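Read the numbers this way: they start at 1 and go in the same order the structure lists the ligands and their atoms. Numbering starts at 1 and runs along the sequence shown. Quick note: numbers below take in every heavy atom, side chains included, and nothing from hydrogens, waters or symmetry partners. Nothing here was measured: the structure is a model prediction, and the numbers come from that model.
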Amino acid sequence: MIPVPCPADRARHPNRPTPPEYPMTDLHPFIAGLPKAELHVHHVGSASPRIVAELAAHHPDSKVPTDPEALADYFTFTDFSHFIDVYLSVVDLIRTPEDVRLLTFEVARDMARQNIRYAELTVTPFSSTRRGIPEQGFMEAIEDARKAAEAELGVVLRWCFDIPGEAGLEAAEETTRLAVDLRPEGLVSFGLGGPEVGVGRPQFKPYFDRAIAEGLHSVPHAGETTGPQTVWDALTHLRAERIGHGTNSVQDPKLLAHLAEHRIPLEVCPTSNIATRAVADIEQHPVREMVQAGVLVTINSDDPPMFGTDLNNEYGVAARLLGLDERGLAALAKNAVEASYLDAAGKRTLATEIDTYTTNWLERTGR
Ligand SMILES: [Zn+2]
């Protein structure tokens, strides 16, 4: 089993291009200070070079360089196999509960620097417990990091435990058991990542049924590298409440209308889609059609350091693609709050913070 990050279908795209670079616009200072929520971002996939250097320093036998300059080179992706090499070497650095805690807290620190106030982090516990990290120790580590991130950084974290689809039903069983029997306090949702091709959604129904019965929200990846039928399958069989990516939903107007009518949000990750070639050209990204169809669109970063991006950059990309000004960006940020699994009071607080920040910004800049 290769623990492939989202989307594991990268094997179909062996010549992964370097993500495009986007020019800074005058909206970036606004975006940088805008309070934000992120709903689609992966735990290990969020390990920045800084975090990897810290982990590597704890495990000097690893092949990962600890010198910042060498590490920056190491993180400059050339192709798919290099991406997998780097990803696996990061996985190899996470060996103990203390590594899990360090990774989680430091990911929150990187979020705080972007003024991300709330994040639902997709965690794949199967990958860690399979590698020998004690399951109870794993849960304690993420929970300890969550509480510290909230107290010390002002970043509220929640968990989505996801099944690595490529590892099959054994991983589904194990992930469900960990979610249900060892349910950590911060766990709010249940997901399915990995490849879509050859990994049909319906087979995971019994596991999603169990997770949903325990009060977890259903948030599978679907329609990223396969067509709209996968999204329909996720809705029908897995009772999806939000869709990871859902990029190819635009191929089916009835599906778009269904998503809009039932307020089923899409977790859109523009730069990831280009990096994996799920979308050929950023100028052709279907986020416009989604918005035009009335779908609740949220903007996310997926595996940000691995795609050379972060959430602020993704908001900049979205602003350009959708022609948004500050008010439009604030509305986009509030979409993520609405689509989140924060409680009602938390949603109100964060939405008010976004409004206050935006009003103050517009007054100060005379816009
Ligand atoms: Zn993902």
Problem set entry | Non-neighbouring partners of E283 that pass side chain to side chain donor-acceptor pair (under 3.5 Å), sequence neighbours left out | R320
For this session: Identify whether NZ of Lys or CZ of Arg in R101 sits under 6.0 Å from the centre of the six-membered ring of F105 and within 45° of that ring's axis.
Result: yes
Problem set entry | Contact flag H40/the Zn ion (ligand 1), N/O/S atoms, threshold under 2.8 Å | yes
For this session: May I ask you to decide whether R242 forms a salt bridge with E120, counting only side-chain N to carboxylate O separations under 4.0 Å?
Result: yes
Seminar exercise, completed: The N/O/S atom of H221 lying closest to the Zn ion (ligand 1) is NE2
Exercise. N/O/S of E267 less than 2.8 Å from the Zn ion (ligand 1)?
Worked result: no
Exercise. Can an N, O or S atom be found in H245 less than 2.8 Å away from the Zn ion (ligand 1)?
Worked result: no
For this session: Search all heavy atoms of T298 against all heavy atoms of N300 and return the closest pair with its distance.
Result: OG1-ND2, 3.0 Å
Exercise. Any ion pair linking E106 and R50 (charged N to carboxylate O, less than 4.0 Å)?
Worked result: yes
Exercise. Rounded to 10 degrees, what angle sits at the Zn ion (ligand 1) between H42 NE2 and D302 OD1?
Worked result: 90°
